[in-house]
Number of protein chains: 2
Amino acid sequence: MSDVKAQLQEAFERTGLRQTPQRYDVLAWLVRHRKHATAEEIFDAVNRTNQRLSRATVYNALHALVESGLVRPVAGEGAAARFDATLDRHHHFICDRCGSIEDLTWFDLPSKAMQAAAGGRSVRQVEITLHGICQRCARGKTKQATASV
Amino acid sequence: MSDVKAQLQEAFERTGLRQTPQRYDVLAWLVRHRKHATAEEIFDAVNRTNQRLSRATVYNALHALVESGLVRPVAGEGAAARFDATLDRHHHFICDRCGSIEDLTWFDLPSKAMQAAAGGRSVRQVEITLHGICQRCARGKTKQATASV
DNA sequence: TCCAACTTTAGATTTAGTCTAAATAGTGTG
DNA sequence: CACACTATTTAGACTAAATCTAAAGTTGGA
Ligand SMILES: [Mn+2]
Ligand SMILES: [Mn+2]
Ligand SMILES: [Zn+2]
Ligand SMILES: [Zn+2]
């Protein structure tokens with residue numbers, strides 16, 4: 001029944017994120033339609049039934065929800081594409097604070113388990129990215145706010 | 001010495017990608033400055049010393065280079081951000097052909113090796129994305145050209 | 001009831017990337 | 001070399017994603 005409603009409200013309370021009708025609608029839609037939607041898709045869908053929602057608010061709400069951990073961003077949060085001429089296999093580390101991308105030495109994946117997870121799909125490439133705080137930033141060098149050099 | 005030059009030329013020959021001054025300059029810059037640069041950064045840098053390079057050509061060149069495997073794209077090739085309300089830990093599969101994003105069941109990573117690769121960095125989250133052809137597309141359902149629903 | 005902080009809004013603006021049609025630069029043939 | 005043909009580059013128009021802004025609306029607490 002309105003079980004979901006209660007759960008969502010509980011989620012807002014738990015995370016301390018102020019619940020507003022707009023934030024609620026965005027989260028509810030995302031939970032209901034378990035797809036990996038873009039902000040635009042969410043806006044179109046929610047705005048259709050609830051006029052009280054502007055485009056900017058979808059972005060605001062999504063940021064707030066991600067911030068509180070109720071939603072997770074997938075596939076590189078819409079920044080500019082980046083290119084790498086280092087072809088030796090390696091992984092990447094992206095700093096939450098300064099946005100810098102660093103190379104990590106390669107480590108193997110459990111190929112057996114990976115095969116299983118992939119099911120019948122044909123896999124061309126595996127991409128591993130660790131997110132966290134880089135050493136510069138950890139050392140208090142909290143200079144650059146956003147994506148750096 | 002001009003060792004690099006020879007290597008790059010060899011790379012063009014090997015992959016069969018026609019070598020043009022513009023493509024050469026883009027690749028050479030990327031190889032020289034081993035950073036994860038954006039198209040704009042590359043344009044600014046290369047255009048400064050070589051006027052014969054337009055913005056569009058940087059994009060063309062990068063696509064051609066990625067296509068030939070001489071350069072690899074990092075961190076989600078600049079599409080719209082996507083959001084996921086499924087918080088249970090899981091990985092993702094992105095289809096090269098139709099762009100759809102599918103959930104994969106979780107599999108553990110070799111945490112020992114990962115720690116080592118991460119060095120001193122504090123890791124908040126690990127993101128694993130497999131790229132390939134989804135089952136729908138594999139079955140010839142080659143309908144939708146670009147990123148789908 | 002009143003205030004201050006927070007949130008939403010429409011629309012302008014910025015940024016990344018694509019597209020277009022014309023100019024330019026190879027490439028192969030004779 | 002002349003020619004035709006194809007591939008590439010170009011400037012600038014255009015589109016799409018996201019952010020910013022300033023004003024209006026909402027909320028919780030003193
Ligand atoms: Mn790299
Ligand atoms: Mn998912
Ligand atoms: Zn950092
Ligand atoms: Zn597909």
Side-chain angles (χ1 to χ4, degrees), chain A residues 9 12-13 15-27 29 36-68 70-71 73-83 99 101 145-149, chain B residues 9 12-13 15-27 29 36-68 70-71 73-83 99 101 145-149:
Chain A
Q9 293 193 334
F12 277 104
E13 276 168 40
T15 61
L17 179 66
R18 186 137 121 196
Q19 178 183 332
T20 68
Q22 291 84 349
R23 285 176 184 167
Y24 180 91
D25 285 355
V26 167
L27 180 56
W29 188 91
H36 304 91
T38 64
E40 191 64 20
E41 285 168 358
I42 297 167
F43 171 74
D44 288 345
V46 178
N47 182 265
R48 192 167 304 130
T49 62
N50 173 8
Q51 240 54 56
R52 312 250 350 93
L53 179 75
S54 79
R55 209 170 305 265
T57 298
V58 173
Y59 285 97
N60 291 344
L62 285 170
H63 288 158
L65 290 167
V66 168
E67 193 71 19
S68 321
L70 294 177
V71 159
V74 181
E77 238 192 294
R82 286 171 182 276
F83 300 88
I101 303 182
T146 322
S148 65
V149 178
Chain B
Q9 293 192 335
F12 277 104
E13 277 168 39
T15 61
L17 179 66
R18 185 136 121 197
Q19 177 182 332
T20 68
Q22 290 84 351
R23 285 176 184 166
Y24 180 91
D25 286 354
V26 167
L27 180 56
W29 189 90
H36 304 90
T38 64
E40 192 64 20
E41 284 168 359
I42 298 167
F43 171 74
D44 288 345
V46 178
N47 182 265
R48 191 166 304 129
T49 62
N50 172 8
Q51 240 54 55
R52 311 248 354 89
L53 179 74
S54 78
R55 208 171 305 265
T57 297
V58 173
Y59 284 98
N60 291 343
L62 285 170
H63 288 158
L65 290 167
V66 168
E67 193 69 21
S68 321
L70 294 177
V71 159
V74 181
E77 237 191 294
R82 286 171 182 277
F83 300 88
I101 303 182
T146 323
S148 64
V149 178

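Here is how names work: the chains are called A, B, and so on, in the same order as the sequence lines, proteins then strands, and each is numbered from 1.
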Looking across every strand, which nucleic acid part, if any, lies under 4.0 Å from [X] by heavy atom: base, sugar-phosphate, or nothing?
X	value
B:Arg23	sugar-phosphate
B:Arg18	sugar-phosphate
A:Thr20	sugar-phosphate

Between [N] ([atom2]) and [X] ([atom1]): distance, integer Å:
X	N	atom1	atom2	answer
A:Arg55	C:dT9	CZ	C1'	12 Å
B:Gln19	C:dA25	CD	C1'	14 Å
B:Asn60	D:dT6	CG	P	20 Å
A:Ile42	D:dA17	CD1	C1'	14 Å
A:Leu17	C:dC6	CG	P	13 Å
B:Asn47	D:dG12	CG	P	13 Å
B:Glu67	D:dT8	CD	C1'	16 Å
B:Asp44	C:dA16	CG	C1'	13 Å

### Query
Is the CD atom of A:Glu40 crowded by more than 12 outside heavy atoms at less than 6.0 Å?
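Enclosed.
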#### Entry: Crowding at CD, A:Gln19 (>12 non-hydrogen neighbours, <6.0 Å)
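Result for CD/A:Gln19: enclosed.
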Between [Y] and [X], is there a side-chain heavy-atom distance shorter than 4.5 Å?
X	Y	value
A:Leu27	A:Leu70	yes
B:Leu65	B:Val26	yes
A:Val46	A:Val58	no

Counting side-chain heavy atoms from C-beta on, which of [options] comes nearest to [X]?
X	options	answer
A:His63	C:dA10, D:dA18, D:dT19	D:dT19
A:Gln22	C:dT8, D:dA18, C:dC19	C:dT8
A:Ala80	D:dT10, C:dA10, C:dG17	C:dG17
B:Tyr59	C:dT9, C:dA16, D:dT9	C:dA16
A:Thr57	D:dT9, C:dT8, D:dA18	C:dT8

### Query
Taking the nucleotide of DNA chain C with the closest heavy atom to each, which residue, B:Thr38 or A:Pro21, is nearer the 5' end?
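Per heavy-atom nearest nucleotide, the more 5' residue is A:Pro21.
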### Query
If each of A:Ala56 and B:Arg52 is mapped to the nucleotide of DNA chain D with the nearest heavy atom, which maps nearer the 5' terminus, i.e. the 5' end?
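Its nucleotide being nearer the 5' end, the pick is B:Arg52.
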